[in-house]
Amino acid sequence: EVDHARKAILALPTIDEDARELEAEFPGIYAAMWAAIEPEVRRSTEADYPSYWAALENMYLARLSEQEAQAVLTFFRSATGQKLLRGMYGAMDTGPMLAEMVKTDSATIDAKQMQSAVDAAKAKAVGQLGPEDEASLLTLVASMDLGKFRALGSETQRITLDWVNKEDPEGEEKLGKLYDFLRSIG
């Protein structure tokens, strides 16, 4: 999340005319802004991770049998599962979401934007799998109903979307002050 926030801040001058003009007038201002807000973004994100992981854990406990949960854990701890996770998180492109947020002046991500980003990342991650990953994938597929597994993916996305869009008044106030300052010098 912190890395995605960094990329979003640094990309602003490439997708927003006002940001482009401010960067042209004050070269490096978005890099300096990221340096100023990164500790707050990191603090806020890390402080809220426990609630996010607890929500995911509760959802999985409610939806999976012990045997299914063990199969999922075993898969994601395997080399193939780790490759899939790294590939998906590494392929997540938040640029289109950011561009839409700037265009609509929205501070939230909607389900359609999230689904589009996740689908693209999944496609790239799956494209990185090879024949050496087949056995792990077949073991996972044999361990549970695929419809149930897909439903878990959808519910995980919903929980993630709720977490990403969760309000943080304290953090938003701090970031708002910085943004107001930047606008005042632009």
Side-chain angles (χ1 to χ4, degrees), residues 1-11 15 34 38-39 41-101 106-168 171:
E1 290 303 313
V2 174
D3 190 48
H4 288 299
R6 179 187 63 76
K7 288 176 185 175
I9 295 296
L10 297 178
I15 60 175
W34 173 250
E38 188 267 341
V41 171
R42 185 172 301 284
R43 181 212 59 81
S44 175
T45 301
E46 290 174 356
D48 203 36
Y49 272 149
S51 68
Y52 173 67
W53 292 114
L56 288 176
E57 179 182 29
N58 290 334
M59 184 266 298
Y60 278 96
L61 287 173
R63 307 289 186 277
L64 297 177
S65 69
E66 178 67 28
Q67 183 180 1
E68 291 168 329
Q70 286 303 317
V72 170
L73 283 172
T74 298
F75 173 75
F76 283 112
R77 288 178 178 152
S78 73
T80 298
Q82 290 294 301
K83 181 194 288 187
L84 194 60
L85 287 173
R86 278 191 311 275
M88 188 163 160
Y89 287 112
M92 184 67 80
D93 180 7
T94 57
M97 284 189 286
L98 175 64
E100 183 65 24
M101 291 169 75
S106 173
T108 60
I109 298 167
D110 67 34
K112 185 178 175 184
Q113 293 167 321
M114 174 72 83
Q115 186 67 52
S116 179
V118 169
D119 287 348
K122 279 194 284 190
K124 287 180 183 177
V126 168
Q128 296 173 359
L129 298 178
E132 70 279 7
D133 301 306
E134 188 175 320
S136 291
L137 290 167
L138 289 174
T139 300
L140 176 65
V141 169
S143 69
M144 68 186 304
D145 177 272
L146 286 181
K148 192 177 199 179
F149 194 69
R150 281 189 200 99
L152 287 172
S154 295
E155 199 159 345
T156 298
Q157 286 181 34
R158 184 192 54 76
I159 289 169
T160 303
L161 188 62
D162 290 346
W163 181 73
V164 167
N165 289 328
K166 184 178 178 182
E167 291 191 22
D168 175 14

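Everything numeric here is computed off the predicted structure, so don't read it as measured data.
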Just wondering, do Met59 and Leu152 contact through their side chains at under 4.5 Å, heavy atoms?
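Yes, close enough: below the 4.5 Å cut-off.
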Would you mind listing every salt bridge (Lys or Arg N to Asp or Glu O under 4.0 Å) that reaches into residues 51-67, with sequence neighbours excluded?
Arg63-Glu155
For Leu64 and Ala69, work out which heavy atoms get closest and say how close.
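Heavy atoms of Leu64 and Ala69 come nearest at CD1-CA, 3.9 Å.
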Where Ala5 and Val41 come nearest, the two heavy atoms and their spacing
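Where Ala5 meets Val41 most closely, the heavy atoms are CB-CG1, 3.9 Å.
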Count the heavy atoms belonging to other residues, nucleotides or ligands that lie under 6.0 Å from CD of Glu134, then report whether that count exceeds 12.
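Incorrect, the count does not exceed 12.
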Could you check whether atom OH of Tyr89 has more than 12 heavy atoms from other residues, nucleotides or ligands sitting under 6.0 Å from it?
no
Got a second to check how far [X]'s [atom1] is from [Y]'s [atom2], nearest 0.5 Å?
X	Y	atom1	atom2	result
Ser51	Tyr49	OG	OH	11.0 Å
Leu56	Thr160	CG	OG1	5.5 Å
Ser116	Asp110	OG	CG	10.0 Å
Gln113	Thr108	CD	OG1	7.5 Å
Thr156	Tyr60	OG1	OH	3.0 Å
Leu161	Lys112	CG	NZ	14.0 Å

Side-chain donor-acceptor pairs of residues 139-147 under 3.5 Å, sequence neighbours excluded:
from: Thr139; atom 1: OG1; to: Ala135; atom 2: O; distance (Å): 2.9
from: Ser143; atom 1: OG; to: Leu140; atom 2: O; distance (Å): 2.6
from: Asp145; atom 1: OD1; to: Gly147; atom 2: N; distance (Å): 2.8
from: Asp145; atom 1: OD1; to: Lys148; atom 2: N; distance (Å): 2.8

Name all pairs fulfilling the ring-ring contact (aromatic ring centres under 6.0 Å, His included) condition that reach into residues 118-158, sequence neighbours left out, sorted by first residue then second.
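For residues 118-158: none.
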As a quick check of understanding, evaluate side-chain contact (heavy atoms from CB on, under 4.5 Å) for Val118 and Met92, giving each step before the final call.
CA-CA 7 Å; Val118 169; Met92 184 67 80; 3.8 Å; yes
For Glu46, give me all partners under salt bridge (charged side-chain N to carboxylate O under 4.0 Å, His left out), at least two apart in sequence or on another chain.
Arg42
By ring-ring contact (aromatic ring centres under 6.0 Å, His included), Tyr52 pairs with (sequence neighbours left out) Trp163
Check whether any side-chain N or O of Asp48 sits under 3.5 Å from a backbone N or O of Ser44 as a donor-acceptor pair, and report yes or no.
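Absent.
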Would you call Asp162 and Lys166 a salt bridge, taking side-chain N to carboxylate O under 4.0 Å as the test?
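Salt bridge flag = no for Lys166 with Asp162.
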Is there any side chain to side chain donor-acceptor pair (under 3.5 Å) pair reaching into residues 118-132, and which pairs are they, with sequence neighbours excluded?
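Listed by first then second residue: Lys83-Glu132, Gln115-Asp119.
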